Amino acid sequence: MHKLIALSTVISIGFTLPAAAQSCKLTQSIYRDVNGKGFELIFGQPPKNRAVYGASAVIKQAKQGVIYRFNLTQANGYGSISLIDPKRNNDNPSGFFVINFFNSDLTSAPFMPGRETSVPKYAFINGIGAAHYYDYRRDFSNNIPMLLDAMWVFDRCQN
């Protein structure tokens, strides 16, 4: 009987969001890479006096520290959500990535930053693996992992 209860608990936990995600805002959320290489996608408050941004974000890794800084914005119309390097300009056109959010069953999450009641379980940043490779390829070793095009999973809510 105890084994059956434990098994049902493990199965149900695997398909639901952590309790913290159910009330966590994007600007308080921390995602981790599902590959387990120690990368975190940490969202924070948007830059002051910049209404076009719904959040800020950093990608960091335990051994590398912060490797990317972004502002998150959502386009008008279809409403794609993007991460934009704050240093991006005509001289530095890179640093623009579409981020997609998914529910726990991997269906698309209808998500509007700033209006959310909880955060989606998964996120995927298009093209970040290639950018990380070309930005840091001289630094890769057994001690410095490559980010790759990893799926991100909600890990915890910041206090």
Side-chain angles (χ1 to χ4, degrees), residues 9-88 94-136 139 144-159:
T9 302
V10 170
I11 290 172
S12 66
I13 289 172
F15 294 104
T16 59
L17 279 173
Q22 294 173 2
S23 62
C24 191
K25 296 282 191 186
L26 182 68
T27 55
Q28 300 170 310
S29 64
I30 299 174
Y31 287 75
R32 63 176 168 75
D33 69 297
V34 298
N35 292 334
K37 294 186 180 226
F39 291 96
E40 289 185 323
L41 172 60
I42 304 168
F43 290 96
Q45 294 298 319
K48 295 182 190 296
N49 302 322
R50 301 299 301 264
V52 297
Y53 298 119
S56 61
V58 297
I59 295 177
K60 72 176 197 174
Q61 201 276 337
K63 294 177 181 170
Q64 290 178 287
V66 173
I67 54 176
Y68 290 108
R69 293 185 186 280
F70 298 110
N71 292 319
L72 180 138
T73 189
Q74 186 167 21
N76 291 326
Y78 181 72
S80 296
I81 301 171
S82 303
L83 295 171
I84 301 172
D85 183 332
K87 295 177 185 169
R88 184 174 190 262
S94 64
F96 177 88
F97 302 94
V98 173
I99 183 170
N100 299 289
F101 290 97
F102 299 92
N103 297 312
S104 60
D105 62 357
L106 295 179
T107 57
S108 297
F111 186 64
M112 297 184 74
R115 297 184 201 157
E116 73 276 12
T117 56
S118 65
V119 292
K121 174 134 185 183
Y122 297 105
F124 184 81
I125 304 170
N126 301 336
I128 195 73
H132 186 240
Y133 173 80
Y134 286 107
D135 291 344
Y136 291 93
D139 300 331
I144 304 293
M146 285 180 31
L147 177 57
L148 306 173
D149 285 320
M151 182 72 80
W152 299 89
V153 61
F154 176 81
D155 189 51
R156 63 193 182 279
C157 194
Q158 302 173 60
N159 295 331

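Keep in mind that this is a model prediction, so the values were computed, not measured. For reference, positions follow the sequence shown, starting with 1.
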Parallel, tilted or perpendicular: ring planes of Phe43 versus Tyr31, cut at 30 and 60 degrees | perpendicular

Could you tell me whether a side-chain N or O of [X] sits under 3.5 Å from a main-chain N or O of [Y], the two making a donor and an acceptor?
| X | Y | value |
| --- | --- | --- |
| Asp85 | Lys87 | yes |
| Asn103 | Leu106 | no |
| Ser56 | Gln45 | yes |

Take Ile67 and Asp135, measure what side chain to side chain contact (heavy atoms under 4.5 Å, CB included) needs, and give me the verdict at the end.
-> CA-CA 9 Å; Ile67 54 176; Asp135 291 344; over 6 Å; no

Nearest atoms (heavy-atom pairs only) where [X] meets [Y]:
| X | Y | result |
| --- | --- | --- |
| Leu26 | Ala55 | CD2-CB, 4.3 Å |
| Ile99 | Ala123 | CD1-CB, 4.1 Å |
| Ile125 | Asp149 | O-OD1, 4.3 Å |
| Ala131 | Phe97 | CB-CZ, 3.5 Å |
| Phe124 | Ala150 | CD1-O, 3.7 Å |
| Phe154 | Ser29 | CE1-CB, 3.7 Å |

Do [X] and [Y] come within less than 4.5 Å of each other through their side chains, counting heavy atoms only?
| X | Y | result |
| --- | --- | --- |
| Ile84 | Phe96 | yes |
| Pro46 | Asn71 | no |
| Gln61 | Asp33 | no |
| Ile30 | Gln158 | yes |

Could you state the interatomic distance from [atom1] ([X]) to [atom2] ([Y]), rounded to the nearest 0.5 Å?
| X | Y | atom1 | atom2 | result |
| --- | --- | --- | --- | --- |
| Gln28 | Ile42 | CD | CD1 | 13.5 Å |
| Arg32 | Arg156 | CZ | CZ | 9.5 Å |
| Ile81 | Leu72 | CD1 | CG | 6.0 Å |
| Ile59 | Leu83 | CD1 | CG | 7.0 Å |

Check against side chain to side chain contact (heavy atoms under 4.5 Å, CB included), Phe39 and Ile128 | CA-CA 12 Å; Phe39 291 96; Ile128 195 73; over 6 Å; no

Close aromatic pair by centroid cut-off 6.0 Å: Phe70 and Tyr68 |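 Yes, the ring of Phe70 comes within the 6.0 Å limit of the ring of Tyr68, centre to centre.
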
Please assess Gln64 against His132 for the test side chain to side chain contact (heavy atoms under 4.5 Å, CB included), listing each intermediate value before the final yes or no.
-> CA-CA 12 Å; Gln64 290 178 287; His132 186 240; 3.7 Å; yes

